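The structure appears below as structure tokens.
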Amino acid sequence: MTMNPIFKRYFALVSFVLLAACATQAPSSDSCVGNVIVPPAGLVASSDDALLQKAIGAPTKGALCKGQVFVAEKEVTVYRVWDAAKSYTLFGSWWSFSLPQGPRDQYRAQNDICPEWSPLNKMSACTLKVGAKIVVGPGQSAQCTAALLPASAVNQVYIPNDSRNNVLYVDRCTDGADWPAE
């Protein structure tokens, strides 16, 4: 079967235009960077598409840019930096496996947290409950009032806590220490 010469030229022109557009396009600041880390012992890979989709955010909206669902087979320590003026924020959805380190602005940039979302002045450690499903992955970009925080390779932990309905997947939380420590 032979191809019509007009179709060949049209196909070649369209291919060339698409190739040129891809070659000259600058990488987006919204590109996902980093990979899902190997979590601490006690967490095993699982699947839950609905939970994964709750944790993934669109570019500039925060959340994760990609992730993996895990289920806790034993207790695991997680950490959260939160707003002391709003005690219920201790039980939010965004956590870390690593003890948070300052300075505050560096922590914000690494974890895509806009200043208007929280002053980040308290830090607590909690225990992830056995059976809890979580999502782990690198952070999506976040458009803050003053600037865009680009996607970050630092992994965050999404825990679907809902303190309004008393649904918590964490237990035995510390009261909250001033953060960052002076």
Side-chain angles (χ1 to χ4, degrees), residues 34-46 48 50-57 61-142 144-146 149 151-182:
N35 295 302
V36 176
I37 62 167
V38 174
L43 293 167
V44 295
S46 183
D48 185 328
L51 179 61
L52 181 61
Q53 291 312 307
K54 285 172 90 173
I56 303 292
K61 302 298 182 190
L64 303 180
C65 61
K66 62 182 171 183
Q68 169 67 52
V69 176
F70 294 93
V71 64
E73 289 191 329
K74 71 176 196 175
E75 295 175 345
V76 174
T77 301
V78 289
Y79 301 91
R80 179 167 168 78
V81 181
W82 51 283
D83 182 353
K86 300 175 184 172
S87 60
Y88 61 89
T89 63
L90 163 59
F91 300 111
S93 297
W94 300 103
W95 298 75
S96 172
F97 292 129
S98 302
L99 182 66
Q101 302 292 316
R104 186 176 285 119
D105 288 341
Q106 179 181 339
Y107 186 81
R108 282 187 192 288
Q110 291 174 338
N111 291 278
D112 299 299
I113 303 169
C114 293
E116 58 269 24
W117 294 348
S118 173
L120 302 178
N121 54 15
K122 287 287 182 184
M123 190 278 301
S124 290
C126 298
T127 302
L128 188 61
K129 293 179 181 178
V130 172
K133 280 189 177 179
I134 64 170
V135 182
V136 178
Q140 180 60 275
S141 60
C144 304
T145 302
L149 295 174
S152 172
V154 172
N155 274 231
Q156 298 175 37
V157 180
Y158 175 77
I159 303 173
N161 289 319
D162 181 358
S163 60
R164 290 184 185 123
N165 293 306
N166 204 29
V167 177
L168 298 177
Y169 297 97
V170 293
D171 201 353
R172 297 193 307 276
C173 298
T174 61
D175 290 335
D178 289 341
W179 190 88
E182 299 302 323

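Because only heavy atoms are used, hydrogens play no part in the values below, and waters and symmetry mates are left out as well, while side chains stay in. Note that the coordinates shown come from a computational prediction; the quantities given were computed from them, not determined experimentally.
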For this session: Starting from the C-alpha separation in whole Å, work towards a yes-or-no answer on side-chain contact (heavy atoms from CB on, under 4.5 Å) for V136 and Q68.
Result: CA-CA 5 Å; V136 178; Q68 169 67 52; 5.6 Å; no
Exercise. Stepwise, does the side-chain contact (heavy atoms from CB on, under 4.5 Å) test hold for V76 with F70?
Worked result: CA-CA 12 Å; V76 174; F70 294 93; over 6 Å; no
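Side-chain N or O atoms of N161 include one that pairs as donor or acceptor with a backbone N or O of G92 at under 3.5 Å. In this structure a side-chain-to-backbone donor-acceptor pair under 3.5 Å is present from Q140 to G57. Between the side chain of Q156 and the backbone N or O of N111, at least one donor-acceptor pair lies under 3.5 Å. Judged purely by atom type and a 3.5 angstrom limit, N155 uses its side chain to pair as donor or acceptor with the backbone of N35. At distances below 3.5 Å, at least one donor-acceptor pair connects side-chain atoms of D83 with backbone N or O atoms of A85.
Among V78, T174, I159, the one residue that satisfies the side-chain contact (heavy atoms from CB on, under 4.5 Å) test with C126 is V78.
At a threshold of 4.5 Å between non-hydrogen side-chain atoms, the residues R108 and I113 count as touching. Inter-residue side-chain proximity for Y158 and L51 is flagged as met; some heavy-atom pair is nearer than 4.5 Å. Considering only heavy atoms from C-beta on, L99 comes within 4.5 Å of M123 through its side chain. Looking at heavy atoms from C-beta onward, Y107 lies out of side-chain contact with Q101 at the 4.5 angstrom threshold. You'll find the side chain of I134 stays beyond 4.5 Å of the side chain of Y169, heavy atoms only. At a threshold of 4.5 Å between non-hydrogen side-chain atoms, the residues W95 and V170 count as touching.
Of all the heavy atoms in I56 and G67, the pair that sits closest is CD1-N, 3.7 Å. Contact between K66 and P138 at its shortest, heavy atoms only, is O-CD, 3.6 Å. When all heavy atoms of P160 and K133 are compared, the pair lying nearest together is CD-O, 3.4 Å. The shortest heavy-atom contact between G102 and W179 is N-CZ2, 3.8 Å. Smallest separation of non-hydrogen atoms from A142 and D112: CB-O, 4.0 Å. Heavy atoms only, all atoms of each residue included: L43 and A72 are closest at CD2-CA, 3.5 Å.
Under the disulfide bond (SG atoms under 2.5 Å apart) criterion, the residue pairs touching residues 78-114 are C114-C144, with sequence neighbours excluded. Residue pairs meeting the side-chain hydrogen bond (donor to acceptor under 3.5 Å, both in side chains) criterion with at least one partner in residues 113-129, sequence neighbours excluded, are W82-S124, E116-T145, K122-D178.
Atom NZ of K54 has 12 or fewer neighbouring heavy atoms from other residues, nucleotides or ligands inside a 6.0 Å radius.
Annotation: the span from D175 atom CG to S87 atom OG amounts to 11.0 Å, rounded to 0.5 Å. The distance from atom CD of Q53 to atom CG of L64, rounded to the nearest 0.5 Å, is 11.0 Å.
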